[in-house]
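Some notes on the structure that comes next.
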Amino acid sequence: NAGVMQNPRHLVRRRGQEARLRCSPMKGHSHVYWYRQLPEEGLKFMVYLQKENIIDESGMPKERFSAEFPKEGPSILRIQQVVRGDSAAYFCASSLSDRVNTDTQYFGPGTRLTVL
Amino acid sequence: DQQVKQNSPSLSVQEGRISILNCDYTNSMFDYFLWYKKYPAEGPTFLISISSIKDKNEDGRFTVFLNKSAKHLSLHIVPSQPGDSAVYFCAASPFVNSGGSNYKLTFGKGTLLTVNP
């Protein structure tokens, strides 16, 4: 059973470009979470999605960031007009349910975004 | 405002000895606590967890202790092995009534553990 897949593993963008990060959850998992880890920081929750629905985007910056989890295909985290402060590791996690005390969140290897 | 704090950025121990990693939290609503281990260039891997109704949970070489009154938890690794060298993250999730959800994890900054042969 493959784990959570993320691609690309490394992404370099110039300021003002768009970044698209993809996440394929573990087989059978319909709950997907995105976290961001800035340098020297812990992981910070960004958004929680189920198929075709954004459930909680309270951790997502209000502008330039968006996320989706379509009926078919991976979840996408999209960052428009990237700035240097967006440079970070972006981790996706998936789980069987939305309760961590019964179902573990499994993390992907992350996408390291570098903005030049 | 950091709600989960890991005040030691790094810890170095000898192989075979005990490793003790500490974590403090400030939010009284946190009810469930987890430790994740992370190797370079990989994602965090779940290690062990504890509910606030317990004060200890053990899984092989790993034991987590929770002191609710002090809002403190610790992870003990005995005996430590070189393969345990990694960054350890403490995470917490809020209390939830039956039927609710508690998916939002709040992480500390992590502690880099180095186990020397």
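Quick note on labels: first sequence line is chain A, next is B, and so on, each numbered from 1.
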Which atom pairs, one a donor and one an acceptor, fall under 3.5 Å between side chains of residues 75-83 of chain B and the rest of the protein, sequence neighbours left out?
from    : atom 1 : to      : atom 2 : distance (Å)
B:His76 : NE2    : B:Ser74 : OG     : 3.3
B:Ser80 : OG     : B:Arg17 : O      : 2.8
B:Ser80 : OG     : B:Ser19 : N      : 3.3
B:Ser80 : OG     : B:Ser19 : OG     : 2.6
B:Ser80 : OG     : B:Ile77 : O      : 3.4

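Most heavy-atom pairs under 4.5 Å with chain B: of the set A:Gln105, A:His31, A:Gln6, A:Gln37, this distinction falls to A:Gln105. Between chain B and the residues A:Thr102, A:Val4, A:Asp98, the largest count of heavy-atom pairs under 4.5 Å involves A:Asp98. Ranked by heavy-atom pairs under 4.5 Å with chain A, the list B:Ser93, B:Gly108, B:Gly110 is led by B:Gly108.
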(request) Please assess B:Lys104 against A:Tyr48 for the test side chain to side chain contact (heavy atoms under 4.5 Å, CB included), listing each intermediate value before the final yes or no. (result) CA-CA 8 Å; B:Lys104 191 182 293 186; A:Tyr48 160 39; over 6 Å; no
(message) Set out, in order, the CA-CA distance, both residues' side-chain angles and the distance that settles side chain to side chain contact (heavy atoms under 4.5 Å, CB included) for B:Tyr36 and A:Thr104, then state yes or no.
(response) CA-CA 11 Å; B:Tyr36 278 83; A:Thr104 303; 4.2 Å; yes
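The hydrophobic clustering, which links ILVMFWY residues whose side-chain heavy atoms are closer than 4.5 Å, places B:Leu21 and B:Leu47 together. With hydrophobic clusters built from ILVMFWY side chains whose heavy atoms lie under 4.5 angstrom apart, A:Phe45 does not share a cluster with A:Leu21. B:Leu11 and B:Leu73 fall within a single hydrophobic cluster, where Ile, Leu, Val, Met, Phe, Trp and Tyr side chains are chained together by heavy-atom contacts under 4.5 Å. Following chains of ILVMFWY side-chain contacts shorter than 4.5 Å, one can reach A:Ile55 starting from A:Phe91, so the two form part of one hydrophobic cluster. Transitive grouping of hydrophobic side chains (ILVMFWY, heavy atoms separated by less than 4.5 Å) keeps B:Phe30 and B:Leu34 in distinct clusters.
Interface remark: A:Arg112 contributes no atoms to any contact with chain B (heavy atom separation under 4.5 Å). Interface remark: B:Ala91 contributes no atoms to any contact with chain A (heavy atom separation under 4.5 Å).
For the pair A:Tyr33/B:Leu105, no side-chain contact is recorded, criterion being any heavy-atom separation below 4.5 Å from C-beta on. At a threshold of 4.5 Å between non-hydrogen side-chain atoms, the residues A:Ser95 and B:Tyr103 do not count as touching.
Among residues 64-90 of chain A, no residue has any heavy atom closer than 4.5 Å to a heavy atom of chain B. Against chain A, no residue from residues 57-72 of chain B qualifies, as none has a non-hydrogen atom under 4.5 angstrom away.
Of all heavy-atom pairs between B:Pro44 and A:Phe107, the closest is O-CB, 3.4 Å. Heavy atoms only, all atoms of each residue included: A:Glu40 and B:Lys109 are closest at O-CD, 3.6 Å.
Heavy-atom neighbours of B:Lys5 NZ from other residues, nucleotides or ligands within 6.0 Å: at or below the threshold of 12. Counting non-hydrogen atoms of neighbouring residues, nucleotides and ligands closer than 6.0 angstrom, the CZ atom of A:Arg9 exceeds 12 such neighbours.
Taking the six-membered ring for Trp and thresholds of 30 and 60 degrees, B:Phe107 and A:Tyr35 have ring planes more than 60 degrees apart, a perpendicular arrangement.
Every pair passing side-chain hydrogen bond (donor to acceptor under 3.5 Å, both in side chains) that includes a residue from residues 46-55 of chain B is listed here, sequence neighbours excluded: B:Asp31-B:Ser52, B:Tyr32-B:Ser49.
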